[in-house]
Structure formats: structure tokens, C-alpha cells
*Asks:* 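Would you mind keeping the following structure in view while I ask a few things?
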Amino acid sequence: MGRRPTPSWARRIGRRDAVELALIAGTERRRLPVLAICRGIQILNVALGGTLYQDLASERPGRFDHADARTRHGLRVESGTLLHRTLETVHASVNSRHHQAIRDLAPALRANAWAEDGVIEGVERKDPGAPWALAVQWHPEDDVEDALFRGFAAAIA
């Protein structure tokens, strides 16, 4: 039997992964600030040596469906983290529409926010001397949560 051809959607994802991994490598080399959103937190974690749940619903079922775009859930932010200083809160309600999430955190990152079911929803660099970097699993642009964008803008100014 011959090999089955790779579906076009898989080729597109592979190309997207390659581009995004190259972008992350470039920001690492040039020590640039990073703001990563949704898939961004996932690719950043993988690029730096972490792993993902490929399908939360089957690998880590919880109290709510993270892939349901209508879902909002509570968020706990660790006090004293860059995310806490940026959002100026330790509790928030965020949207959710992802089926993947961080499983094993990359060694260079630290978690700074969790959903009510324990899924990691935010990360930052462990090294306090590293450039500004925040990555979140939710979509702040949907809620006009501008604190993250203001923080990033200040970091690149």
C-alpha cells in the first residue's frame, strides 16, 4: 500500500507552524518583547520545549468546554507576576475558544494564570532579565481588554 497524501489543511498548518516557530526564534535572538494570544501561547510553549494537550475535551475533560466560543470562565492570576502588574487584577472573566492548551510548561516559562479547572491560561518568562513577554490563552481583543496591548506597546516603545 502507498502512502496517503497529506491533506491540504495539514500542509497549511505545517507551513504556519514553520513561520510562527521562525518568528519566535527571531524574537529570541533579537531579544524582542512578545505578546502571544491563543494559538500564540501554544506555539510559544512548544517552541521553547513544552508540550500541549492536543484535544482538551478528550485528554483533560473539565467543568466547561474550552472550545465553546460562547463560554466565559473565571481566571486566577498569580499576584506579583507581569500579568498581574499589567492587568492590575488577580481575578478576571475571560472568553474561551480553544481545543488545545499547555500540558507541560516549557522550562523558560512560568504559568501566571489558570482557568477555574486548572488549565494554564497565561505564561511569562521565568528570567526577570529577559525581554517583556506575555502569552494568554484567551482572546483579549474580543473584549476590548486593552491592558495587555498597552503593556506590550510600552515594552516596545
*Asks:* Consider only side-chain heavy atoms of I, L, V, M, F, W and Y, link residues closer than 4.5 Å, and tell whether V123 and L48 are in one cluster.
*Replies:*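 Yes, it is one cluster - the side chains of V123 and L48 are joined through contacts under 4.5 Å.
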
*Asks:* Quick check on side chain to side chain contact (heavy atoms under 4.5 Å, CB included): which of D17, T51, L52 does V46 satisfy it with?
*Replies:*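 Only match with V46 under side chain to side chain contact (heavy atoms under 4.5 Å, CB included): L52.
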
*Asks:* Applying a strict under-4.5 Å side-chain criterion to I, L, V, M, F, W and Y, I'd like to know whether V77 and V136 cluster together.
*Replies:* yes

*Asks:* Is there a chain of hydrophobic side chains (I, L, V, M, F, W, Y, each step under 4.5 Å between heavy atoms) that links L134 to L75?
*Replies:* yes

*Asks:* Would you compute the distance between atom CH2 of W138 and atom CZ of R72 and round it to the nearest 0.5 angstrom?
*Replies:*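 Rounded to the nearest 0.5 Å, the CH2-CZ separation comes to 11.0 Å.
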
*Asks:* For residues 147-157, which side-chain N or O atoms pair as donor and acceptor with protein atoms under 3.5 Å away, sequence neighbours left out?
*Replies:*
{"unit_1": "R150", "atom_1": "NE", "unit_2": "D146", "atom_2": "OD2", "d": "3.4"}
{"unit_1": "R150", "atom_1": "NH2", "unit_2": "D146", "atom_2": "OD1", "d": "3.2"}

*Asks:* Which value, rounded to the nearest 0.5 Å, describes the distance between Y53 atom OH and D104 atom CG?
*Replies:* 7.5 Å

*Asks:* Show your working on side-chain contact (heavy atoms from CB on, under 4.5 Å) between R125 and V34 and close with a plain yes or no.
*Replies:* CA-CA 10 Å; R125 295 183 191 281; V34 171; 4.2 Å; yes

*Asks:* Measure the spacing between CG of L23 and CD1 of I43 and express it to the nearest 0.5 Å.
*Replies:* 10.0 Å

*Asks:* Quick one: do N45 and L109 satisfy side-chain contact (heavy atoms from CB on, under 4.5 Å)? Show the steps, please.
*Replies:* CA-CA 8 Å; N45 186 61; L109 300 175; 3.9 Å; yes

*Asks:* If I compare all heavy atoms of H73 with all of A115, which pair ends up nearest, and what's the gap?
*Replies:* CE1-CB, 3.5 Å

*Asks:* If you take all heavy atoms of A111 and W114, which pair is closest and at what distance?
*Replies:*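 Minimum heavy-atom contact is CB-CZ2, 3.4 Å.
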
*Asks:* Got a second to check how far S93's OG is from E116's CD, nearest 0.5 Å?
*Replies:*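 Those atoms lie 8.0 Å apart.
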
*Asks:* If we check side chain to side chain donor-acceptor pair (under 3.5 Å) with H66, which of these qualifies: Q137, R97, H99, H98?
*Replies:* H98

*Asks:* Does the pair N112 and L82 meet the rule for a side-chain contact (heavy atoms from CB on, under 4.5 Å), with working shown?
*Replies:* CA-CA 8 Å; N112 57 22; L82 177 59; 5.6 Å; no

*Asks:* Can you tell me how far apart CD (E124) and CG (L44) are? Round to the nearest 0.5 Å.
*Replies:*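 So the CD of E124 and the CG of L44 are separated by 12.0 Å.
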
*Asks:* Determine, for R110 against E78, whether the closest basic-nitrogen to carboxylate-oxygen distance falls under 4.0 angstrom.
*Replies:* yes

*Asks:* Determine whether I102 and L21 fall in the same hydrophobic cluster, where Ile, Leu, Val, Met, Phe, Trp and Tyr are linked whenever their side-chain heavy atoms lie under 4.5 Å apart.
*Replies:*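 Same cluster: I102 reaches L21 through Ile, Leu, Val, Met, Phe, Trp or Tyr contacts under 4.5 Å.
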
*Asks:* Answer whether the closest heavy-atom distance between the side chains of R76 and E121 falls below 4.5 Å.
*Replies:* no

*Asks:* Hey, does the side chain of T81 reach the backbone of H84 with a donor-acceptor pair shorter than 3.5 angstrom?
*Replies:* yes

*Asks:* Which one of R103, Q100, Q54 satisfies the side chain to side chain donor-acceptor pair (under 3.5 Å) criterion with E59?
*Replies:* R103

*Asks:* Check for me, please, whether V94 and I37 land in the same ILVMFWY cluster - side-chain distances under 4.5 Å, paths through other members count.
*Replies:* yes

*Asks:* Walk me through whether R85 and L83 qualify under side-chain contact (heavy atoms from CB on, under 4.5 Å).
*Replies:* CA-CA 5 Å; R85 292 189 305 276; L83 184 62; over 6 Å; no

*Asks:* Looking at D117 and V119, what are the two nearest heavy atoms and their distance?
*Replies:*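 Where D117 meets V119 most closely, the heavy atoms are OD1-N, 3.2 Å.
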
